[in-house]
There are 2 protein chains.
Amino acid sequence: MQTELQQVRAFNRTVTQRLGVLNERYLGRDRPLAESRLLFEIGLKGAPVRELRARLGLDSGFVSRMLRALERKRLATTLRRPGDDGRVRFARLTRSGIAELQRLNTLSDELARSMLTPLGKKGAQRLLSAMAEVERLLRASSVEVAPADPLSPEAQQCRDQYFGELASRFRGGFDGGLEAAVLQSFVPPRGVLLIAWLFAEAIGCGALRALQPGIGEIRHLWISPKMRGLGVGRRLLDELERAARKRQLRAVRLDTNESLDEAIGLYRASGYREIAPYNDNRYAHYWFEKSLS
Amino acid sequence: MQTELQQVRAFNRTVTQRLGVLNERYLGRDRPLAESRLLFEIGLKGAPVRELRARLGLDSGFVSRMLRALERKRLATTLRRPGDDGRVRFARLTRSGIAELQRLNTLSDELARSMLTPLGKKGAQRLLSAMAEVERLLRASSVEVAPADPLSPEAQQCRDQYFGELASRFRGGFDGGLEAAVLQSFVPPRGVLLIAWLFAEAIGCGALRALQPGIGEIRHLWISPKMRGLGVGRRLLDELERAARKRQLRAVRLDTNESLDEAIGLYRASGYREIAPYNDNRYAHYWFEKSLS
DNA sequence: TAAAATGTCTGACTAAAGTCAGGGAGTGCA
DNA sequence: TGCACTCCCTGACTTTAGTCAGACATTTTA
């Protein structure tokens, strides 16, 4: 473990040093860095001020003041969008603000090039794939799993994506009727719905409910496609099993469709064993159980 | 190319965000971040002030002022070391400074752990090896190659390390006698000595000199062991060949010892072909030539 | 040995980043 | 309608980070 931590620290040092220096040199040329970041965040489409604040993690006064500065330089405007909540201001780049953003993008590309070109073609390829791996895993490591209300908009959104995917993957489609009673069964203390968050975005979910005395059922385990293969599913499953243990369940069951290979792989790898059908789900091809000791 | 640059930018964003937030949260808790970094750099063994300045890339006044601040808090002292250059001050941590450094190290470890543990064992391993790769390549990409005086201390240092390595690798050892005339032959305009710099540290060298009319010779190509396999050797070799072309040479030659496998591999991969001995170097087993068209 | 260069220090300054309190406008609910 | 709340704004601050000029001691070079 010691050397692993040292490795992370070495990475941390090298990378912050190199990127910090470059960011300042390329992006903060004639303007405070925070202002450049704000320009980036507003982007071509504009954004509500509250969102800018959240994304940059900055104080309301600070952002407001920077927006005034951008307005004085005629790079951005804030307006109120009719139809929206009248308190919310919407920031948008002016024509010259967009030109400025393009210039920043060019500089940012130069920065990227300055990292790749000295390495030659093969080295650049190696760096790129290692970067992609680090980036994905680092994102995965900031994922947080927390219980949620099954009726919350985020839960609804996860379910929509989940059912949408089932509909496209199942041979013969999928008709996602779901009674309110099932959702109620995910509510504590008998069940639980867990959502995996990447910052403010819900990127996965999974639910546990009581099936029979001593036996729970896991349902709706889903991970956003862009976060697959990074262990998020495994984490959700682990947490659901932990929740089941806490509820004194001695086993959990689940069913799944033949087309969901990653899920089936995950279940087998996690110690689930195939059992006889315990329900008449017409979309299920496999039924699994794992005993929790 | 476009998507490659985008990949780098995505990495840049994710990593600076994640590391920036964590750095501040963990290391800048009750003290300016720069001060924490200074504590790190002084370290257990202490360091000369000039070196601290160089490593952190900070203004002399700024560092001096931070040192005074650390002194006021009884975390560090500066002293003059007898025997050394009397102008140089040496910074050293006090007992409580060391305790503070340990605390920082603990926090830094926590930070590292917070990245690894959510990924599970396999994910952590993947992250670690990708991090190591990114770190090494990023360091390699900040290497700069520049001509140097063959008599400069850095050149001397490179040669010492080079000869030292030859002595340990050659069967039967190596007696590194080198006449001043040879060094003189590396001086422009007829020859050139290139040094590869990683920030202020010389981590590789290579020399070109005139051998016969129209033919040059490459000598002393060496890369620090910790920077091997990252394309630095290839870059030095390319630059030496470019220098040869600029001098209107139509070919370059070099000799090498059988034990230097990496070098031999590099030469072959770069288009060098074995030729008959063109000198009577008793340590050489192979003689190579490449024609520059 | 004088002159130039180097290493460190201080004082005086600036820019950037961030915090805090309070106020006005708008929204949603009782 | 009144009240609590949200969103954004401004003004008044502080801290952090940095720059610059010059002073002084020491070392190196001519």
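We name chains A, B, ... by the order of the sequence lines, and we start the count at 1 in each one.
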Send over the distance from [X] [atom1] to [N] [atom2], rounded to a whole Å.
| X | N | atom1 | atom2 | answer |
| --- | --- | --- | --- | --- |
| B/E71 | C/dT10 | CD | P | 8 Å |
| A/M66 | C/dA17 | CE | C1' | 9 Å |
| B/F90 | C/dG7 | CZ | C1' | 15 Å |
| B/R80 | C/dT6 | CZ | C1' | 14 Å |
| A/D84 | D/dC7 | CG | C1' | 13 Å |
| A/L67 | D/dT10 | CG | P | 10 Å |
| A/E51 | D/dC8 | CD | P | 11 Å |
| B/D30 | D/dT15 | CG | C1' | 14 Å |

[N] phosphate, OP1 or OP2: any side-chain N/O from [X] under 4.0 angstrom?
| X | N | answer |
| --- | --- | --- |
| A/S60 | D/dC7 | no |
| B/R53 | C/dT8 | yes |
| B/R50 | C/dG7 | yes |
| A/R31 | C/dA15 | no |
| B/R87 | D/dC24 | no |
| A/R68 | D/dC9 | yes |

Inset, instruction - May I ask you to say what B/D59 touches in the nucleic acid, namely base, sugar-phosphate or nothing, with a heavy-atom cut-off under 4.0 Å? - result: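 Base, at least one base heavy atom under 4.0 Å.
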
Inset, instruction - Name the nucleic acid region contacted by B/R37, choosing base, sugar-phosphate or nothing; use a 4.0 angstrom heavy-atom cut-off, strictly under. - result: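 Here B/R37 touches no strand at all.
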
Legend entry - Salt bridge present between B/E71 and B/R68 (N-O < 4.0 angstrom):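 So B/E71 pairs with B/R68 through a salt bridge.
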
Inset, instruction - Starting from the 5' end of DNA chain C, give me the residue, B/T78 or A/A34, whose nearest nucleotide shows up first. - result: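 Its nearest nucleotide being more 5', the pick is B/T78.
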
Inset, instruction - Check for a donor-acceptor pair, side chain of B/R159 on one end and backbone N or O of B/P150 on the other, with a separation under 3.5 Å. - result: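 It does hold such a pair.
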
Legend entry - Nearest-nucleotide pick for A/P32, side chain only, options being C/dC9, C/dA16, D/dA17: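 Closest nucleotide to the A/P32 side chain: C/dA16.
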
Inset, instruction - Measure distances between side-chain N and O atoms of B/R65 and base N and O atoms of C/dG11, and say whether any donor-acceptor pair falls under 3.5 Å. - result: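 Flag set: donor-acceptor pair detected.
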
Legend entry - Closest-nucleotide ordering on DNA chain D, the 5'-leading residue of A/F62 and A/D85: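 Mapping each residue to its closest nucleotide by heavy atoms, the 5'-most match is A/D85.
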
Legend entry - Side chain to side chain, B/L70 and B/I42, heavy atoms closer than 4.5 Å: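 Of all side-chain heavy-atom pairs linking B/I42 with B/L70, at least one is under 4.5 Å.
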
Legend entry - Whether over 12 other heavy atoms sit under 6.0 Å from B/R18 CZ: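 It does: B/R18 CZ has more than 12 such atoms within range.
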
Inset, instruction - Give a yes or no on this: more than 12 heavy atoms of other residues, nucleotides or ligands lie within 6.0 Å of atom CZ of B/R13. - result: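 Not more than 12 within 6.0 Å, no.
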
